[in-house]
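Each remark here refers to the structure printed beneath this line.
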Amino acid sequence: MGSEQQYIELYREAANVIRAKSCGVMNAVRDEAFETFQQVGFPSKKVERYKYTDVDAAFAPNYGISLAPLTVKPSLYLFNIKDAPVDVTPYYHKLADTSDAITALNTALVHDALLVYVPKNTRVADPIVVDNWLRGSAATMVNRRVLVVMGQGSDATMIMNDHAADGVPFLSTQVMEVFCQDGSSLDLYEVEETTPLCNRFSNVYVEVGRDCSVKHNGLTLFNGRTRNQCDVRLTGEHSEVTLNGCAIGGGDQFIDNNTLIDHQVPNCQSSELYKYVVDDHAVGAFAGKILVRKEAQGTVSQETNANLCASPDARMFSQPMLEIYADDVKCAHGSTVGVMDEAALFYMCQRGIPEAEARSLLKNAFMGQVIEQIKHEPLRQRLFVKVEKRFRGELEKCDDCRLCKS
Amino acid sequence: MLEIRNLHAKVGDKVILRGVNLSINDGEIHALMGTNGAGKSTLSNVIVGNPAYEVTEGSIMFNGRDLLAMKTEERAHAGIFMSFQSPVEIPGVSMTNFMRAAVNARREALGKEPLKSTEFLKLMRERRKLVGMDSRLVNRSVNEGFSGGERKRNEIFQMAMLEPTFCILDETDSGLDVDALRIVAEGFNKLRTAETSALVITHYQRLLDYIRPDFVHVLIDGRIVKTGAAELAQKIEDNGFDWIKEELAWEANSNI
Ligand SMILES: Nc1ncnc2c1ncn2[C@@H]1O[C@H](COP(=O)(O)OP(=O)(O)OP(=O)(O)O)[C@@H](O)[C@H]1O
Ligand SMILES: [Mg+2]
């Protein structure tokens with residue numbers, strides 16, 4: 001503990017600058033969030049939902065805060081919050097939970113926000129794509145805020161790609177609030193492909209109305225230290241939610257996914273599939289809670305976490321949780337941690353496939369199940385290729401040459 | 001082609017091979033018979049380089065190269081193929097991707113260009129027909145949900161794709177129905193050249209009716225204890241191994 005102090009000082013020094021660069025709706029909740037942050041401080045590993053992640057270590061180094069303005073290519077559905085086509089007061093900071101220190105800190109420090117607004121009954125044909133490159137000349141902290149409002153009966157696919165450049169350490173926090181109003185459909189992908197120097201803390205809050213279909217896909221292809229939290233509240237009947245995840249760790253990478261699906265009303269379905277491949281000294285953690293409240297009769301829920309530990313030094317923590325207070329429900333959960341199938345490896349090598357390639361074929365086969373479920377076809381195809389490259393160790397190289405070009 | 005001298009091998013603490021000697025020349029077919037648990041599959045696994053087995057003594061030369069110093073995949077590239085007694089399933093890896101990786105890895109090792117996609121698919125079709133393998137099977141994951149017989153046929157299909165110079169057939173006949181056995185054996189014969197050699201492990205005469213051996217060896221308790229001509233196989237099928245064991249005991253006694 002103790003790395004809060006520099007952020008407290010940072011806020012005291014920079015609050016006025018941040019305010020000036022920000023807007024009313026964001027400034028309105030800023031001081032209170034800061035107060036909360038000061039009170040709660042960073043969670044230690046004793047805090048249940050943070051038991052796998054060393055938050056203090058990630059926030060301890062001295063980062064300069066980035067206050068560069070968000071540059072959003074103006075499009076029909078994507079805005080800087082300052083150019084919002086509607087009043088965002090009913091949405092901004094209404095789902096985010098400041099008892100979480102990362103969310104509180106983000107709310108205090110963030111100066112700009114991205115808004116995705118899809119009006120009522122609008123079906124967006126092409127995916128809304130956000131390509132984010134972390135850039136900086138020295139260790140940099142970047143705070144990102146995203147607000148997604150899916151109007152009644154709307155339908156969209158959204159892809160957020162995160163990259164990092166410049167070979168310096170980054171600390172990024174993200175708070176995303178997603179409102180899916182009645183009858184809407186959202187397919188949301190977050191793809192992280194950064195560097196071992198990156199620390200990512202992301203909290204996503206989703207509220208789902210009735211007759212909705214919501215899918216969230218979190219893919220960690222390359223990273224440093226990542227903690228992704230995704231909380232979904234089902235508040236309207238006959239909705240379905242899918243949370244899928246693909247986490248690939250090698251080297252000293254760390255990936256923690258923490259999810260909560262809160263069934264507050266009857267007759268909803270949720271399904272969750274998270275798969276990890278951890279190699280070398282990588283550490284993976286998954287904790288997913290399905291909460292079925294007393295009112296939520298007729299809930300159907302399936303949660304699966306399957307993991308492949310590809311090296312004896314890689315570690316995986318898995319904690320699927322079901323908390324059920326209703327009696328008429330169908331819920332199941334399962335978790336497996338396996339090692340490389342030596343018999344299959346030998347079989348492939350006997351056919352002349354070099355061991356490294358045989359290993360990557362097996363890892364790829366294991367992860368295929370998650371990638372197959374990606375609905376957006378071009379993305380699915382791209383990710384099949386990326387995951388394959390990742391297992392061959394070619395993803396970094398590929399990014400390097402992209403950097404050279406840019 | 002293959003020269004095995006005084007081979008000893010174990011798995012964990014269990015000693016299985018206790019001094020195997022065997023030479024196989026170009027173009028020869030050798031049958032290997034023997035009691036259950038005698039070490040036939042172990043010998044095959046040691047030849048192809050299964051890391052589960054440890055060689056404690058002896059040597060294996062393959063076309064003048066020290067086989068035991070080569071990795072499993074290098075042995076495959078050198079032309080060695082084993083049809084597994086119990087082929088494993090590899091869920092999620094399609095037969096096509098698996099075969100392409102195998103064929104092209106060998107080509108690369110031999111300094112050849114990878115096959116173009118159309119050429120590769122043509123070869124798949126051709127060889128599939130040769131061994132009478134259902135096209136639906138090649139569209140599935142490797143051996144996933146294959147019946148026992150389908151797996152054996154798939155082994156020979158892979159052999160046909162890879163065109164090895166030395167093949168080990170470890171009980172390829174078991175699990176195949178009468179017609180399948182004939183088709184698979186005829187496929188094997190069609191692919192044979194004057195240089196191809198094989199070690200055919202079997203408990204029955206049936207397969208040897210199609211693939212006629214030049215020699216028949218009997219492996220008991222980790223050693224080759226008897227070698228004879230093709231007729232030895234029929235004699236074993238008719239009379240079992242007891243008479244060979246008795247001969248051995250008699251020899252052992254007369255040596256004292
Ligand atoms: N991986 C292993 N672990 C432990 N024991 C093994 C292993 N492989 C073989 N053995 C043992 O070694 C002995 C020889 O086995 P092997 O499979 O070589 O016999 P085999 O001659 O092929 O028999 P079969 O005719 O039944 O196929 C057996 O007792 C077997 O149980
Ligand atoms: Mg055997």
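Being a predicted model, the structure only gives us computed values, none of them experimental. Naming: A, B, ... by sequence-line order, numbering from 1 per chain.
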Residue B/Glu108 excluded, over 12 heavy atoms near CD under 6.0 Å: no

Extract all donor-acceptor atom pairs below 3.5 Å that involve side chains of residues 57-67 of chain B and protein atoms in other chains or at least two apart in sequence.
from, atom 1, to, atom 2, distance (Å)
B/Glu57, OE2, B/Asn6, ND2, 3.1
B/Asp66, OD1, B/Leu68, N, 3.2

Side chain, backbone, both or neither: which part of B/Pro91 has an atom under 4.5 Å from a heavy atom of chain A? backbone

I'd like to verify something: which residue of A/Gln369, A/Arg351, A/Met348 has the highest number of heavy-atom pairs under 4.5 Å with chain B? A/Arg351

Closest non-hydrogen atom pair between A/Ala344 and B/Val88, with its separation: CA-CG2, 3.9 Å

Heaviest contributor of heavy-atom pairs below 4.5 Å to chain A, chosen from B/Arg75, B/Arg106, B/His77, is B/His77

Cut-off 4.5 Å, heavy atoms of chain B, and the answer for A/Gln350 is both

Please check if atom CZ in B/Arg140 has more than 12 non-hydrogen atoms from other residues, nucleotides or ligands closer than 6.0 Å. yes

I want to check something: taking the side chain as every heavy atom from C-beta on, are B/Lys71 and A/Glu355 in contact at a cut-off of under 4.5 Å? no

How long is the straight-line distance from CG of A/Asp341 back to CD1 of B/Ile90, given to the nearest 0.5 Å? 7.5 Å

Examine whether an atom of B/Val142 lies under 4.5 Å from a heavy atom of chain A, and if so say whether it belongs to the side chain, the backbone or both; otherwise answer neither. side chain

What option among B/Ser141, B/Pro51, B/Ala76 has the most heavy-atom pairs under 4.5 Å with chain A? B/Ala76

If you measure from OH on A/Tyr347 to CE on B/Met82, what distance do you get to the nearest 0.5 Å? 9.5 Å

Nearest-0.5 Å distance that lies between atom OG1 in B/Thr72 and atom CD1 in A/Ile353: 12.5 Å

Honestly, the part of B/Asn104 sitting under 4.5 Å from a heavy atom of chain A is neither

